[in-house]
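Following: one structure in structure tokens, then a few remarks.
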Amino acid sequence: QVQLVESGGGSVPAGGSLRISCEASGYMLSTGCMGWFRQAPGKEREGVAVIYAGSQSYADSVKGRFTISLENAKNTVYLQMNSLKPEDTAIYYCAAARSFLCVVHGPRSPIGYNYWGQGTQVTVSS
């Protein structure tokens, strides 16, 4: 059974940094796409940063500020978030796909992902 458990969310002032983590069990990080999505109140879930087959894809709104990385020894994926803005406030979800077919839908589309974590809240105050 695949489980994704996020941690590290919290509240920071604008301009601050946070690193959120997602530990996977029952799933090998090299199996397929893995990524971070976020959902703000009243908005659709959007792909923030994903990693697949050695490539990475970032939403335009976070390029240059967010970095996704894997630590295979810990079966953990991270999202380092710098220069945070109030508009980054959302629940951040970790997601994983059973294969690399997720890229067919666009690697940052939620459609291609099979497993989801429970989410962690990130709040950025102005």
Checklist line | V12 reachable from V48 in the ILVMFWY side-chain graph, under 4.5 Å edges | finding: yes

Checklist line | Closest non-hydrogen atom pair, G26 against V2 | finding: O-CG2, 3.3 Å

Margin query: Would the distance check show the side chain of Y58 and the main-chain N or O of I68 forming a donor-acceptor pair, the cut-off being under 3.5 Å?
Written below: yes

Item checked: Residue that, paired with C33, satisfies side-chain contact (heavy atoms from CB on, under 4.5 Å) out of V103, V50, N114 -> V103

Item checked: Nearest heavy atoms of T120 and S7, plus distance in Å -> OG1-C, 4.5 Å

Check: Any donor-acceptor pair under 3.5 Å linking the side chain of S61 with the backbone of A59?
Finding: no

Check: Looking only at heavy atoms, which two atoms of S17 and Q80 are closest? And how far apart?
Finding: CB-NE2, 4.0 Å

Notebook entry, point to check: With no hydrogens and no angle check, is any side-chain donor or acceptor of Y27 less than 3.5 Å from a backbone partner on A97?
Noted result: yes

Check: In the single-linkage hydrophobic clustering (I, L, V, M, F, W, Y; side-chain heavy atoms under 4.5 Å), do V124 and V62 co-cluster?
Finding: yes

Margin query: Taking the six-membered ring for Trp, are W36 and F66 closer than 6.0 Å centroid to centroid?
Written below: no

Checklist line | T67 OG1 to Q56 CD distance, which is reported to the nearest 0.5 Å | finding: 7.5 Å

Checklist line | Sidechain-backbone polar pair: S109 side chain, G106 backbone, donor-acceptor under 3.5 Å | finding: no

Next item on the list: Indicate the atoms forming the closest heavy-atom contact of C102 with G112, along with that distance.
Entry: CB-O, 3.5 Å

Note to self: Using a 3.5 Å distance criterion without hydrogens, assess whether the side chain of E71 forms a donor-acceptor pair with backbone atoms of N75.
What the structure shows: no

Next item on the list: With side-chain hydrogen bond (donor to acceptor under 3.5 Å, both in side chains) as the test, would you mind laying out the steps for R108 and S57 before giving the verdict?
Entry: CA-CA 7 Å; R108 286 186 285 107; S57 176; 2.9 Å; yes

Notebook entry, point to check: Under 3.5 Å, side chain of Y113 to main-chain N/O of R98, donor-acceptor pair present?
Noted result: no

Checklist line | Lys/Arg-Asp/Glu bridge criterion (N-O < 4.0 Å) met for D60, K63 | finding: yes

Checklist line | E46/R38 salt bridge by N-O under 4.0 Å criterion | finding: yes

Next item on the list: Kindly say whether Q118 contributes a backbone atom to a donor-acceptor pair with the side chain of E6 at under 3.5 angstrom?
Entry: yes

Next item on the list: Measure the spacing between SG of C94 and CZ of F37 and express it to the nearest 0.5 Å.
Entry: 9.5 Å

